[in-house]
Amino acid sequence: MEGAEILQNAVRLQHDIARHVVTRGNPDPSVLAGLDAAYSLDGSQVFGAAVLLAVPSLRVIGAATVGRKASFPYIPGYFAFREAPALLAALGRLERAPDLLMIDGHGIAHPRRCGIASHVGVITGIPSIGVARHLLTGRCDPPGMGWGETTPVTADGSVIGCALRTVAGVRPVYVSIGHRISLQNAVSITLHTSTGFRIPEPLRVAHRLASHVRDRDVRAFIWLDADALP
DNA sequence: GCGACAG
DNA sequence: ATCTTGTCGC
């Protein structure tokens, strides 16, 4: 198969997944998972991390990681094909399934309404939220400078996400529906899992863990529990 | 054709 | 994403 053909298939799959996204729901998770990945210097390896946190204490109650070959390049709009396999593998190694997933990247705030958070959400059937640091598509006015202020991200005349100020006076993050949750609830959960930093706690922990296994020995961190965390 | 472009 | 030192500020 050649490059252009692979992308055509990817687009077909994204349209297909996008049709299955449920943009409503009000999950009240007692256990939530933060998912993120880190890459080797040459970008040939991906290290996925899934961390379980209790809500609302945000105590880490479990975690799992996986390292694998990166079999897809990074192409804006096709991010899930590069990173989702590692996230799904890590997720599958958790000792229990979370009630909700928070993923580093967009959900439906995507050209085809199928960012990685929707991709992983639909595949697993678990409610998911996408939290990104930069906009991929759509536009919005800057939210007020206060904590918790929001502004809609729109595209084609519809709201596809929200800019959310998790820390007063600091650049906002971009929240969007992944799957089986309303935008309002997604924003609320993102805000209430933010602990004084721009990035919400679940993603901060997942990010640190992914980088940690990358810099150490992956084999020693295939299964982790709270006590083994750095 | 030109610019934009999650991680 | 990743490389990379110090520095300014609370």
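In what follows, chains carry the letters A, B, and so on, assigned in the order in which the sequence lines appear, proteins first and then strands, with residues in each chain numbered from 1.
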> Among A:I123, A:V22, A:I177, A:V21, which one satisfies side-chain contact (heavy atoms from CB on, under 4.5 Å) with A:S118?
Replying inline: A:V21

>> Rounded to whole Å, how long is the line connecting atom NE2 of A:H106 with atom C1' of B:dC5?
In response: 11 Å

>> Need one value for A:F72: base, sugar-phosphate or nothing, where a base atom within 4.0 Å counts as base even if backbone is also close, heavy atoms only.
In response: nothing

>> Tell me the interatomic distance from A:D215, atom CG, to C:dC3, atom P, rounded to whole angstroms.
In response: 7 Å

> Taking CG from A:L87 and P from B:dG7, how many angstroms apart are they, rounded to a whole number?
Replying inline: 13 Å

> Which nucleotide, B:dG7, B:dC5, C:dT2, lies nearest any side-chain atom of A:H207?
Replying inline: C:dT2

>> For a quick check of understanding: with a heavy-atom distance under 4.0 Å over all strands, which category does A:I75 fall into, base, sugar-phosphate or nothing?
In response: nothing

> With a 4.0 Å cut-off on heavy atoms, is A:F79 in touch with a base, just the backbone sugar-phosphate, or nothing at all?
Replying inline: base

>> Using a heavy-atom cut-off of 4.0 Å across all strands, would you classify A:D104 as base, sugar-phosphate, or nothing?
In response: sugar-phosphate

> Base, sugar-phosphate, or nothing for A:G77, non-hydrogen atoms under 4.0 angstrom?
Replying inline: base

>> Could you tell me how far apart A:F81 (CZ) and B:dG7 (C1') are, to the nearest whole angstrom?
In response: 15 Å

>> Could you tell me how far apart A:I177 (CD1) and B:dA6 (P) are, to the nearest whole angstrom?
In response: 21 Å

>> What is the separation between atom CZ on A:R112 and atom C1' on B:dC5, rounded to the nearest whole Å?
In response: 12 Å

> About how many Å separate CG of A:L164 and CH2 of A:W147, when rounded to the nearest 0.5 Å?
Replying inline: 8.5 Å

> Counting side-chain heavy atoms from C-beta on, which of B:dC5, B:dG7, C:dC3 comes nearest to A:L41?
Replying inline: C:dC3

>> Rounded to whole Å, how long is the line connecting atom CZ of A:F47 with atom P of C:dT2?
In response: 10 Å

>> Base, sugar-phosphate or nothing for A:H134? Non-hydrogen atoms, less than 4.0 Å.
In response: sugar-phosphate

> With a 4.5 Å limit on heavy-atom distance, are the side chains of A:S30 and A:D99 in contact?
Replying inline: yes

>> Can you confirm whether or not the ring centre of A:H212 sits under 6.0 Å from the ring centre of A:F47?
In response: no

>> For B:dG7, is there a stacking contact with A:Y74, counting only centres under 5.5 Å and planes under 30°?
In response: yes

> Counting any heavy atom closer than 4.0 Å, what does A:A109 reach on the DNA or RNA strands: base, sugar-phosphate only, or nothing?
Replying inline: nothing

> Within this structure, what is the CD1-to-P distance between A:I103 and B:dA6, rounded to whole angstrom?
Replying inline: 17 Å

> Who are the salt bridge (charged side-chain N to carboxylate O under 4.0 Å, His left out) partners of A:R12, not counting sequence neighbours?
Replying inline: none

